[in-house]
Amino acid sequence: MRSNKTRARRLGLFLSLLLVSTAPIVAQTPAKAPATATKSAVPWLYQGSDVPQDKAWTFGVLSNGVRYAVRHNGVPPEQVSIRVLVDAGSMYETEDQRGYAHLLEHLTFRESKYLKEGETIPTWQRLGATFGSDTNAETSPTQTTYKLDIPQADPAKLDETFRLLSGMIIAPIFTDRGVKTEVPIVLAEMRERTSAQSRVLDETRNLFFKGQLLAARNPIGTVPTLEAANGAKVKAFHDKWYRPDNTVIVVAGDADPATLVARIEQWFGGWKVAGKKAPQPDFGKPVAPADLDPKNPVGEAKVMVEPDLPRIVNWAILRPWKKVNDTIAYNQGLMIDRLALALINRRLEGRARAGGSYLAASVDEMKQELSRSADATIVTVTPLSEDWKGAVSDVRGVIADALATPPSQEEIDREVAEFEVAFKVGVETQSTLAGSRAADDIVNAVDIRETVANPDTVYAIFKSAIPLLKPEAVLKSTRELFQGTVIRPMMITPKAGEADEASLRAALTAPVEAASGSRVAANSLKFEDLPPIGTPGTVASARPLGLLGIEQVELSNGVKVLLWPNDAEPGRIILKARFGGGYSAISPQNAVYGPMGQMALMDSGIGELGRDDLDRLATGRKLSLDFNIDDTAFVLSADTRPADLADQLYLMAAKLATPRWEPNPVLRAKAAAKLQYESFNSAPMAVLNRDLNWLLRDGDPRYATPNPAELEKVTPEGFRATWEPLLAQGPIEIDMFGDFTREQAIAALEKTFGALPARPAVEQPALTPSIPAHNEEPLVLTHRGDPGQAAAVVAWPTGGGQQGVRESRQLEILAQIFNNRLFDAMREKVGASYAPQVGSSWPLDLPSGGYISAMVQLRPGDFDTFFAAADKIAADMAATPPTADEIGRVTEPLKQLITRASTGNGFYMFQLEGAANDPRKIAAIRTILNDYSQTTPERMQALAQRYLVKAKSWRLEVVPEKKP
């Protein structure tokens, strides 16, 4: 059973200056007569289940076998999300077809009945859909899913969408030329995805699913089978599996369900194929080697040496996958399983926080999700040191305790309270679920052979399960979760020789004592027992912002607040507390403590309460506390609900008023950063993730990833010395948007942030970043990954500051036009890169530091091709204005993206955060839609001439490290 939700209310759209869509589309009719839909008393998804049907969905089956599910959903308004699921993934391939399911997905986008070669992506862009997010497809071992999110879906656009999509699914065009063009792109995708992490995933899959198709059917395929592909071979795979009786169409959106059903009948009802559907291949099941101990059947093991990855040990307890009837009783059983795992994971986390031998450990159940190949319980351990055996033993001790003795009812009640709030939040916020998510829920349910249920039903089933959640039932479930046909352990280590398969198996078969001391105390803390923040403040002033009913309030201690009570997202409130100076306030000498703060501050507790205490305090509530560093402010953020608003504000204010300074969170963050650092050498993109932001800030150490030598100097004392004064900085701005009343918000604010001592603004050192100066010869970095991988970047400086916000938006249009051209040059024409990326960055809170950058993954021999392509595109854009069609392919998706985003509170908070201290942001939001959706060829040319200047560009290459 997968939870689903109903449609949301619309937010009164402030951005009312919507532009007229592109020229009307002339609908066409298919050649064949449509099939007639049939509906049974029990919808096809619910057959064999007593879970109440989600009545928001309309289910049916066409006479040719196409199953469908449609529903009305108005989140966001005027969008329709379409999913076409074909029950054929990589495990449906034969040995010489490996990679064909995924290659077929690519070819479907290349050419089809109604779309000539090269027309698909531009066509969807003209319809307002962004390639890669609104328009995409996925191939898994069990299915291929085509995804379209169509904005502003009027009847003509809907008709055109279904027409084009039907041609792609029913009648793609397979030619030898098309295959030869697409295979290099797939090979580029394969190359760019190859990494130390991907090797580990492959080897783990090969071990856990030994003897099963899942072990040998990576969707990406193999080089020999892909290079041997031709049009006829791929067509044969399509003709076998792309059939109406093997296809499900899911549509959720702001349209009448009857109209959606009529479109499905019109465009897919005439789909006819010969013969009967082929049976599903036998996916196999876990089989244990002979002579294993049935009480602890540890079988095949593997140790893998990866010098650039942290040490990790995991093992899977594997059981055969069985098709289940997704009944209420089955789901009640799943809730007992989830409870059993939650208890173990809480104990594991508590032991790690207290200074255990492992950085992290978890236990997860994968009952239906493993490609219908196994039911598994998977244990994962990240040791803190080379003593991996001690870490494994400690984790096994916690598990052994859970297997030996039932939990207390108090422990169970605490977890039940956590489940209750999670399910209740689902009920309270169900009107905010996006249609795209609702459609994906059906797709996932079909894949794992389950049903969907709305949040009210899920909550009711949970409530019915509460009487079953007793100590003996949890103990029984725990024991079942750790029984299986075979247990297979995998270890990844950076050091050769520290483990082998025998020692790994021995670590899991050795006797272990139950760690009874790992049990976590039940909840006894209450917010009403906590000390007040201080003397409550009062409202000093309040005035309307002149925008959407947002009000600016100033409290008596100088705290400024942006308040916007609204019912756009029922049951949800988003909060941000901005304070201090951000990166500009951190001394370059203390730069290492910036990332340490992001990792450890929230785990350090408040006042007399540590993190475990805060977890107990938060039991049964929707509370969160995230921390981030901006260029000119530190930011606490949270997502809560109306019932918990006062407690959420207390937590945030207490973090500033009475921060707690524990050593363990700092030491744990330090260990995690050291373990992670080496992985940054494992692939070219990992190197860029580590270094690019720092390099583009001209080497400012505050933006750097700390290296092991710098991390070695980190101490809890240094952490406190750095962060204690930073947490005391002003000014403070609170942004609160969502489902609350003004009276409720003011009362809570006066007792929390209003009770803090006044914090005057502190003059911060000015940050004036810039990208490095032009270099004729690229800067060269190295990686230790696949020798066939490399990456390259070229960047051009632009600007910064709020005064240039409108130009920054025009630069994003320019960057996306550049991206379309680079995509065509590097991917379509030469197959050198799978997904080149061009973007524009313009720091609004800094006077400088902006840039346009183009980044690609490629082969080491393709650097000249990339730099030449980037230089040519830049020169061409400066010499000749782009066409109106090129501009439209960018501005229409941007217009639709903003229009959809502006129906939620998060969009406005992102645009307005900091506006209480910088009112220019209020004026800037009024022009955002026009700035992103209206321009001229001449404007684009002028920007290219100003910024895309080769003599100002900066270049970088990431190449394979030379082996000794």
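Here, residue 1 is the first one in the sequence, and each next residue gets the next number.
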Main-chain N/O of [Y] paired to [X] side chain as donor or acceptor, under 3.5 Å:
X	Y	value
R347	V520	no
R372	W321	no
D603	R611	no
R621	T640	no
S408	E411	yes
R319	L481	yes
N345	V363	yes

Can a donor-acceptor pair be found between the side chains of [X] and [Y] at a distance below 3.5 Å?
X	Y	result
D413	Q409	yes
T327	D50	no
T142	D447	yes

Of all pairs that satisfy side chain to side chain donor-acceptor pair (under 3.5 Å), the ones with a partner from residues 486-505, not counting sequence neighbours: E300-R488, R311-E498, E386-K495, T493-E498, D500-S503
Can a salt bridge be assigned to the pair D644 and R641 using a cut-off of 4.0 Å between side-chain N and carboxylate O? yes
Interatomic spacing from CZ in F462 to NZ in K424 - rounded to 0.5 Å: 9.0 Å
To the nearest 0.5 Å, what is the distance between CG on L341 and CD on E365? 6.0 Å
Who are the ring-ring contact (aromatic ring centres under 6.0 Å, His included) partners of F627, not counting sequence neighbours? W723
Show your working on salt bridge (charged side-chain N to carboxylate O under 4.0 Å, His left out) between D615 and R414 and close with a plain yes or no. CA-CA 10 Å; D615 284 351; R414 180 180 176 185; 5.2 Å; no
Check the orientation of W57 and F59. Use parallel for under 30°, tilted for 30 to 60°, and perpendicular for over 60°. tilted
Before you tell me yes or no, could you show the steps for R660 and D613 under salt bridge (charged side-chain N to carboxylate O under 4.0 Å, His left out), namely the whole-Å CA-CA distance, both residues' side-chain angles and the distance that decides it to 0.1 Å? CA-CA 12 Å; R660 181 180 174 90; D613 297 318; 5.6 Å; no
Test log, rule side-chain hydrogen bond (donor to acceptor under 3.5 Å, both in side chains), inputs D456 and Q430: CA-CA 9 Å; D456 298 287; Q430 61 184 293; 3.1 Å; yes
